Amino acid sequence: MNISVIGTGYVGLVVGACLAETGNSVCCADIDVKKIEGLKQNILPIYEPGLESLVERNQAESRLTFTTNLQEAIAPAEVVFIAVGTPPGEDGSADLKYVLQVAALIGRHMTREQVVVTKSTVPVGSATKVAAEIAKGAKFPFHICSNPEFLKEGAAVEDFMRPDRVVLGIESEQARRVMTDLYAPFVRTGKPILVMDIASAEMTKYAANGMLATRISFMNELANLCEKLGASVDLVRKGMGTDSRIGQSFLFAGPGYGGSCFPKDVKALVRTAMECGSPLQVLAAVESANERQKKVLVEKVKQALGGKLSGRRIALWGLAFKPGTDDMREAPSLTLIDGLLKEGAAVCAHDPAALDHARALLGNRIDYAETNYEALEGADALVVVTDWNEYRHPDFERVKRTLKQPVIVDGRNLYDVEKMRDLGVQYHSIGRPSA
Ligand code: NAD
């Protein structure tokens, strides 16, 4: 099939590369000239395991092309994916500006009957706006499809190649036929393609992210309570998660959720619900609990260092909002860094993938270390912010030797409290007794 993907970010690039991998001819378009020029030379703008080889291979075999000429991408395509950003507007609602700009271009430049697919996360009702925008210029019939994306950064290729399900919101037989055909290679193991009306598909994405954010905030609040009551949230999590009605996923307490999706999608859904006069009170509480949680680490470091941070140097392990990605959008590390700097501390950070992004975002406000041990040099405490695998089993003797004093604040509960006690580390984590 001849496919074009407009917007070549985390989602667009993965979608484009994976669809090319199954034999389609895919053109990825973006207005970011630097990004596209890099991609033409197989230089990826993001870190995502497995993606580079897919881009390289499919580009070499001419199934995958990149362009900044949107007209050239749109004109011949049988299916056009819209995968541009939908950042939060000032009132928290999703800003459809980029999506509608692309819709207008599609209307103007299509040269054949097309299926137009919204991959971007958009509020319920957006498909109608997209269709209206396309219709202004369209000289050919088109079919709207809402196809929300559920990939997880850090495992995006795997998630796209082997999805738990594919959700398709459609209103024409043509769109159903084309889209189920396109996705057939990805669901050969029997995972479902769920075909539904467009409003339900749009809602499904927000509902899923809202539920996951709810689990995280619930566990974070529970962790704070566990600390007060002398319980361990780790044990409580295991006790709860083994109940098959609850399950184990997304029950880990931490420094609050971040990333490009949960914060903005929760905000947007709360906003939509309010506007409809059907408020989502639980989700509004999830959001405010998360705002509080993002400040927990600064407080813990401050307490661990005797209530004052000015003149202290703090080592950070992890900047990305989660392991496996270089994405720092809304990362808890940013709130932590702001808080530490405001209190007069200096920060030296390490991250296996996000150092370049961090340098671009934070400049010389903090120092950067090429290895996790280098970050510890001259530091008064270590804070573990992102649960990268390489932080799970460090050489603790070396950590102790390198830090000025053996203080660890663990935002991801990576280490065993008893072991830390035995090692003589002053250890604070989330929702567990301190050592
Ligand atoms: P991103 O910021 O990484 O990429 C968006 C891209 O769109 C950028 O490269 C930008 O230059 C390009 N763009 C903007 N305006 C354009 C225009 N008019 N024409 C062409 N290109 C344009 O964003 P992302 O993380 O890939 O997210 C895209 C959408 O997918 C969002 O709605 C997001 O909520 C949703 N989503 C993201 C994830 C994720 O994990 N990142 C997962 C599921 C869904």
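Because the structure is a prediction, the values reported are computed rather than measured. Just follow the structure's listing: the first ligand is 1, and inside any ligand the first atom is 1. Atoms considered below: every heavy atom in the structure, side chains included; atoms not considered: hydrogens, waters and symmetry mates.
Distances shorter than 4.0 angstrom do not occur between any heavy atom of K152 and any atom of ligand 1.
Interface atoms of ligand 1 facing S120, defined by a heavy-atom separation under 4.0 Å, are 29 (C), 30 (O), 32 (O). The distance from ligand 1 to the heavy atoms of E153 drops below 4.0 Å at these ligand atoms: 39 (C), 40 (O), 41 (N). Ligand-side atoms of ligand 1 in range of V102: 17 (C), 18 (N), 19 (N), range being under 4.0 angstrom from any heavy atom. Residue K35 approaches ligand 1 through these ligand atoms, each under 4.0 Å from one of its heavy atoms: 8 (C), 9 (O). Of all atoms in ligand 1, listed by their number and element, those nearer than 4.0 Å to a heavy atom of G85 are 5 (C). Near T86, with a cut-off below 4.0 Å to any heavy atom, the atoms of ligand 1 are 31 (C), 32 (O), 34 (O). The distance from ligand 1 to the heavy atoms of Q101 drops below 4.0 Å at these ligand atoms: 18 (N). Close approach of ligand 1 to L70 (heavy-atom distance below 4.0 Å) involves ligand atoms 19 (N), 20 (C).
Looking only at protein heavy atoms, the nearest one to atom 36 (N) of ligand 1 is V11 CG2, 3.5 Å.
Taking CZ from R365 and CG from L340, the interatomic distance works out to 11.0 Å, rounded to the nearest 0.5 Å.
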- Under the side chain to side chain contact (heavy atoms under 4.5 Å, CB included) criterion, do L39 and C28 qualify, and how do the steps go? CA-CA 10 Å; L39 281 163; C28 285; over 6 Å; no
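For the pair R329 and F321, the NZ or CZ position fails the cation-pi test of under 6.0 Å to the six-membered ring centre and within 45 degrees of the ring normal.
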